[in-house]
Each structure stands twice: as C-alpha cells, then as structure tokens.
Amino acid sequence: MSDTVTRADDGGVAVLTMLRPGLSSALRTDLLAAVHEVAADESVRAVLLTGSGRAFCVGQDLAEHIEALRGNAATSLSVVEDEYNPLILALSALRVPVVVGINGACAGAGLGIALAGDLRVAAVGAKFTTAFTGVGLSSDSALASRLVHCVGGSRAAQLLLTPDPFAAETAEQWGLVHRVVPAEDVLPEARALAARLAAGPTAAYRAVKTVLATAATDSLEETLALEARLQTQLGQTADHREAVEAFLEKRAPRFVGN
C-alpha cells in the first residue's frame with residue numbers, strides 16, 4: 001500500500017501493518033486511508049492492526065515534530081485535530097471486530113491507537129507508557145477516555161500524571177490487554193483470533209460494538225431500548241437462524257456474516 005503501512009487480506013481478515021515506530025505525518029495519512037478503505041470493503045469481517053520490528057507504535061515522530069516546533073510552535077499541534085482525531089474516530093467507527101497485535105513498545109498516541117481496537121494481544125515484556133506529560137503535553141488520541149473506561153479514573157490519573165513504563169504483564173492484569181504471549185507468537189495468536197472473529201456472526205459483533213460504545217454513559221432505559229432495537233434486527237438475520245438451527249441439530253453453526 002505504501003512505505004509506511006501495508007495491507008494483506010486472508011479469509012475475511014484485513015491485516016494492517018505499520019512499518020514505522022513513530023507516527024509521522026505520512027504514517028498517519030496512510031493509516032487513515034487504509035482504515036477508510038477497509039471500512040468500505042464489505043468482504044472484510046475482521047481487522048488486525050499491528051506494528052513491525054521492535055515496536056508497535058511509540059507515538060508522535062518527535063524528530064518530525066521538533067521541526068514543526070521550530071517553525072511555528074503555535075500551530076505545531078494542529079495535527080491533533082487535523083490528523084489524530086480523524087484517525088481515532090475512523091478506527092472506532094469500524095463496524096467489524098478489531099484485534100491489535102502489540103509486538104513491542106506502545107507509547108503515547110500509540111497506546112491510544114491500541115486502545116481504539118476491541119481485543120489486544122501483546123508480547124511478553126512489551127513496554128507501555130502514556131508518555132505525554134514526559135514531553136510536557138497532556139493526552140490526545142482519546143487516551144484519557146479509554147484509560148478511564150479500562151482502568152478507572154484513579155489509575156488513569158496515575159498513568160497520565162506519572163508516565164512510568166509498565167510491562168505487558170501488568171497491562172494484562174489491569175485489563176488493558178487481553179492476552180500476553182511470547183513475541184514470536186503475537187502475530188500468529190492475533191491472526192488466529194481475528195480469523196475466529198471473521199468466521200463469526202458479523203452483524204452480532206457490530207451490534208455488540210454499538211452497545212459497548214455508549215454503555216458507560218447511557219441510562220439503563222437507553223441501554224435497554226438500544227438492545228431491544230438491535231435484537232429485533234438481529235432476529236431477522238441469516239446467522240441468527242443458522243445458529244438456532246445448528247443448536248437444535250447439534251452441529252457447529254456456519255456463519256456468513258449477515
């Protein structure tokens with residue numbers, strides 16, 4: 001696709017690989033384009049996002065950023081609104097399950113990108129950090145919101161105010177990642193998980209993502225109404241009928257995605 005992001009498809013899984021550790025303008029632009037492309041592709045039933053080399057993503061490319069600071073500090077971070085926000089919104093809007101394979105270091109906006117996925121597989125010993133206050137900034141890439149939802153307000157404050165590195169094993173204990181495996185197994189494990197999801201009831205997964213997106217802020221009545229509406233729609237899908245028929249026939253269901 002480019003020299004910053006590649007896409008490879010297999011069995012309904014679109015694998016997006018970031019080829020640079022730092023989020024340069026080119027990488028942000030290419031990744032956003034790839035996410036939009038995947039979103040428009042009806043053959044895609046799951047997405048796997050991963051990095052390459054020793055890092056998943058270490059956040060902003062600081063070598064590029066210092067040039068912007070030296071040029072015009074007042075506009076140097078306009079990229080947050082212009083480029084980071086659209087990328088996080090596009091990832092969050094994907095209507096299929098998103099698995100993130102965290103192959104190495106995950107920092108700053110890179111952590112925000114990882115938390116925009118649905119399920120995360122991380123390498124043993126991979127280092128995580130919020131990073132932002134370490135370079136005199138607050139948070140972006142929805143990191144504050146994601147952390148509050150994942151680990152609660154108290155720990156989110158700790159992680160953002162004191163951006164000390166922590167290992168994948170700790171991230172798993174806190175619920176930030178769902179599985180920790182040896183580094184060489186991250187991609188196979190993440191691929192297997194994405195393939196499992198791609199073979200599942202896509203419309204049901206889409207509905208789950210819809211409910212989860214607002215479950216923490218909606219009232220009980222709003223959540224019940226949304227669930228009822230979605231269940232009514234899902235009850236008319238081929239996958240729901242197939243699953244019920246398969247249960248009664250004591251066989252595994254064969255989902256087609258609708």
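Fair warning: this is a prediction, and the values are worked out from it, not measured in the lab.
- In terms of hydrophobic clustering, with Ile, Leu, Val, Met, Phe, Trp and Tyr side chains grouped at heavy-atom distances under 4.5 Å, V96 and L234 are assigned to different clusters.
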* **Test side chain to side chain contact (heavy atoms under 4.5 Å, CB included) applied to F132 and S138, step by step** => CA-CA 6 Å; F132 285 103; S138 179; 5.9 Å; no
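- At least one side-chain heavy atom of T130 sits under 4.5 Å from a side-chain heavy atom of L147.
- Salt bridge R179/E172: absent, no basic N to carboxylate O contact under 4.0 Å.
- Relative orientation of the F166 and F128 rings is parallel, given thresholds of 30° and 60° on the angle between their planes.
- If you check the side chains of R206 and Q233, you find no donor sitting under 3.5 Å from an acceptor.
- Residues V124 and V100 share a single hydrophobic cluster, defined by chaining ILVMFWY side chains whose heavy atoms lie under 4.5 Å apart.
- A salt bridge is absent between D239 and R241; no separation between the charged side-chain nitrogens and carboxylate oxygens falls under 4.0 Å.
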* Do L94 and V35 pass the side chain to side chain contact (heavy atoms under 4.5 Å, CB included) test, and can you show the C-alpha distance, the side-chain angles, and the key distance before you say yes or no? -> CA-CA 8 Å; L94 284 172; V35 172; 4.1 Å; yes
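- In terms of modelled atom types and a separation under 3.5 Å, the side chain of E189 and the main chain of V186 share no donor-acceptor contact.
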* Under the side chain to side chain contact (heavy atoms under 4.5 Å, CB included) criterion, do E222 and T214 qualify, and how do the steps go? -> CA-CA 9 Å; E222 289 170 328; T214 57; over 6 Å; no
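- Counting only heavy atoms from C-beta outward, the side chains of I113 and L23 approach each other to under 4.5 Å.
- Looking at T4 and D30, their side chains do bring a donor and an acceptor atom within 3.5 Å of each other.
- Side chains of S24 and D61: a donor-acceptor N/O pair is absent below 3.5 angstrom, by distance only.
- Judged by distance alone, the side chains of D41 and S43 do bring a donor and an acceptor atom under 3.5 Å apart.
- Nearest heavy atoms, R196 versus Y205: O-OH, 4.5 Å.
- Inspection of the S92 and R146 side chains reveals an N or O donor paired with an N or O acceptor under 3.5 Å.
- N85 has its side chain out of reach of I88: every pair of non-hydrogen atoms, C-beta onward, lies at least 4.5 Å apart.
- Of the candidates V58, T129, L111, C106 forms a side-chain contact (heavy atoms from CB on, under 4.5 Å) with just one, namely L111.
- Remark: E81 CD is loosely packed, at most 12 non-hydrogen atoms of other residues, nucleotides or ligands lying under 6.0 Å away.
- Using a 4.5 Å heavy-atom threshold, the side chains of Y84 and L32 count as separate.
- The local environment of CG in D82 is crowded, with over 12 non-hydrogen atoms from other residues, nucleotides or ligands closer than 6.0 Å.
- Scanning all heavy atoms of the two residues, the minimum distance from A131 to G108 falls at CB-N, 3.8 Å.
- Taking hydrophobic clusters as Ile, Leu, Val, Met, Phe, Trp and Tyr residues chained together by side-chain heavy-atom distances below 4.5 Å, L31 shares a cluster with V80.
- For T162 (side chain) and L159 (main-chain N/O), no donor-acceptor pair under 3.5 Å exists by modelled atom type.
- Side-chain contact check for L115 versus L143: some heavy-atom pair is nearer than 4.5 Å.
- For R254 and E245, the salt-bridge test fails: no basic side-chain N is under 4.0 Å from an acidic carboxylate O.
- Counting only heavy atoms from C-beta outward, the side chains of L197 and L119 approach each other to under 4.5 Å.
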* To do: Assess whether side chain to side chain contact (heavy atoms under 4.5 Å, CB included) is satisfied between V121 and H178, documenting all intermediate values.
  => CA-CA 6 Å; V121 178; H178 303 91; over 6 Å; no
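- Residues T50 and N103 meet the side-chain proximity criterion, which asks for heavy atoms closer than 4.5 Å.
- Counting only heavy atoms from C-beta outward, the side chains of R191 and V15 approach each other to under 4.5 Å.
- A donor-acceptor pair is defined here as one N or O able to donate and one able to accept, closer than 3.5 Å; no such pair exists between the side chain of R120 and the backbone of V177.
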